[in-house]
Protein chains: 2
Amino acid sequence: MSVRTLPLTDVTVCSAPLVRDPMGPDRATDLARAFKALGDPARLRLLSLIGAHHGGSACVCDLTEPLGLSQPTVSHHLRVLREAGLVTSERRGTWVHYTLVPGALGALAVVLADEAG
Amino acid sequence: MSVRTLPLTDVTVCSAPLVRDPMGPDRATDLARAFKALGDPARLRLLSLIGAHHGGSACVCDLTEPLGLSQPTVSHHLRVLREAGLVTSERRGTWVHYTLVPGALGALAVVLADEAG
DNA sequence: CCGCTGTATCGACATCTGTCGATCCAGCAT
DNA sequence: ATGCTGGATCGACAGATGTCGATACAGCGG
């Protein structure tokens, strides 16, 4: 390829070549939803608490007191985590158990590791 | 240790044993700050765009147009990313270049992978 | 020096978010 | 059925957030 076929590189213009494709808008919106769910201390502690229980599953009654938040607030955060696809809820008689969705956090970890290059 | 020294385990109470220590409040607050910065589509695209440039560094002039947002809005998002410790900014004459902080995204990836168990 | 261009900051605004008390619903025991 | 307990939903409210236009500031070129 002769140099005449290269695009004009005006030295007065600031531009650098892309070495890979940037993230598209749709994927960014999806991922942002998940990361937004992680963007609150209470929700990070909830995820950690759930995961720290045997089987990666915990009853709501074991999640409210350690956080020092009211029961409606904890319920709200659990709802956010559920709608983000990070946990699932299941009724077992009187109590409701929340469980980490297998691979959900791992998938986000892979995204970050990829973007880190 | 005799069984008499164990805490009372009332079978009518829902409780499961912890298999590891849950995340503490301070660490949760720190991590939430970082994940909150990732919880916006525009900022995810900015990170991806910066990382997609040669050397993991890009000029602001190359970041504004692809996002379809106003220049002040992009500047705001870059500020959030900088204050979260994910990028650094450096003036090169007329233009300002933003660079991914090495290891910052990777550290968050490790956190998620750990919590994923 | 004066103007031009790139970037940051300011002020304003609508929307979203975290929090709580009050209330409602579901399941179990008496 | 009645009551009790665990959990979700509702309504309200203060504060944070995303967005923009207008403006200020910093280099560079004339």
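Side-chain atoms are counted along with the backbone in the values below, which use heavy atoms only and exclude waters and symmetry mates. Every chain is numbered from 1 and lettered A, B, ... according to where its sequence line falls, protein lines coming before strand lines.
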Using whole Å, report how far [atom1] of [X] lies from [atom2] of [N].
{"X": "A:Y98", "N": "D:dG7", "atom1": "OH", "atom2": "C1'", "answer": "8 Å"}
{"X": "B:L78", "N": "D:dG18", "atom1": "CG", "atom2": "P", "answer": "13 Å"}
{"X": "B:E65", "N": "C:dG6", "atom1": "CD", "atom2": "C1'", "answer": "15 Å"}
{"X": "A:H97", "N": "D:dG6", "atom1": "NE2", "atom2": "P", "answer": "13 Å"}
{"X": "A:F35", "N": "D:dG18", "atom1": "CZ", "atom2": "C1'", "answer": "19 Å"}
{"X": "A:L81", "N": "D:dA8", "atom1": "CG", "atom2": "C1'", "answer": "15 Å"}
{"X": "A:R33", "N": "C:dC16", "atom1": "CZ", "atom2": "C1'", "answer": "14 Å"}

With sequence neighbours excluded, tell me which residues meet side-chain contact (heavy atoms from CB on, under 4.5 Å) with [X].
{"X": "B:C59", "value": "A:C14, B:C61, B:D62, B:W95, B:H97"}
{"X": "A:A104", "value": "A:L86, A:V101"}
{"X": "B:V96", "value": "B:V60, B:S89, B:R91, B:Y98"}

Salt bridge (charged side-chain N to carboxylate O under 4.0 Å, His left out) contacts in which one or both residues fall within residues 95-106 of chain B, not counting sequence neighbours: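 Found none.
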Base versus backbone protein contacts along nucleotides 17-30 of chain C [heavy-atom cut-off under 4.0 Å; B, S, -]: SSBBBB----SS--
Is there a side-chain contact between B:V87 and B:L46 in this structure, where contact means two heavy atoms from C-beta onward sitting under 4.5 Å apart?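 Sidechains of B:L46 and B:V87: no contact.
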Taking DNA chain D as the partner, which of residues 44-64 of chain A come within under 4.0 angstrom of it by heavy atom?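 Result for residues 44-64 of chain A: A:C59, A:V60, A:C61, sorted by number.
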Could you give the side-chain donor-acceptor pairs of residues 71-79 of chain A under 3.5 Å, partners two or more places apart or in another chain?
residue: A:T73; atom: OG1; partner: A:S70; partner atom: OG; Å: 2.9
residue: A:H77; atom: ND1; partner: A:R43; partner atom: NH1; Å: 3.1
residue: A:R79; atom: NE; partner: A:E83; partner atom: OE2; Å: 3.3

Using residues 21-36 of chain B as the side-chain source, report each donor-acceptor pair under 3.5 Å to any protein atom, sequence neighbours left out, with the distance given to one decimal.
residue: B:T29; atom: OG1; partner: B:P25; partner atom: O; Å: 2.9
residue: B:D30; atom: OD1; partner: B:R33; partner atom: NH2; Å: 3.4

Residue list, salt bridge (charged side-chain N to carboxylate O under 4.0 Å, His left out) with B:E90, at least two apart or on another chain: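 By the salt bridge (charged side-chain N to carboxylate O under 4.0 Å, His left out) rule, B:E90 matches B:R92.
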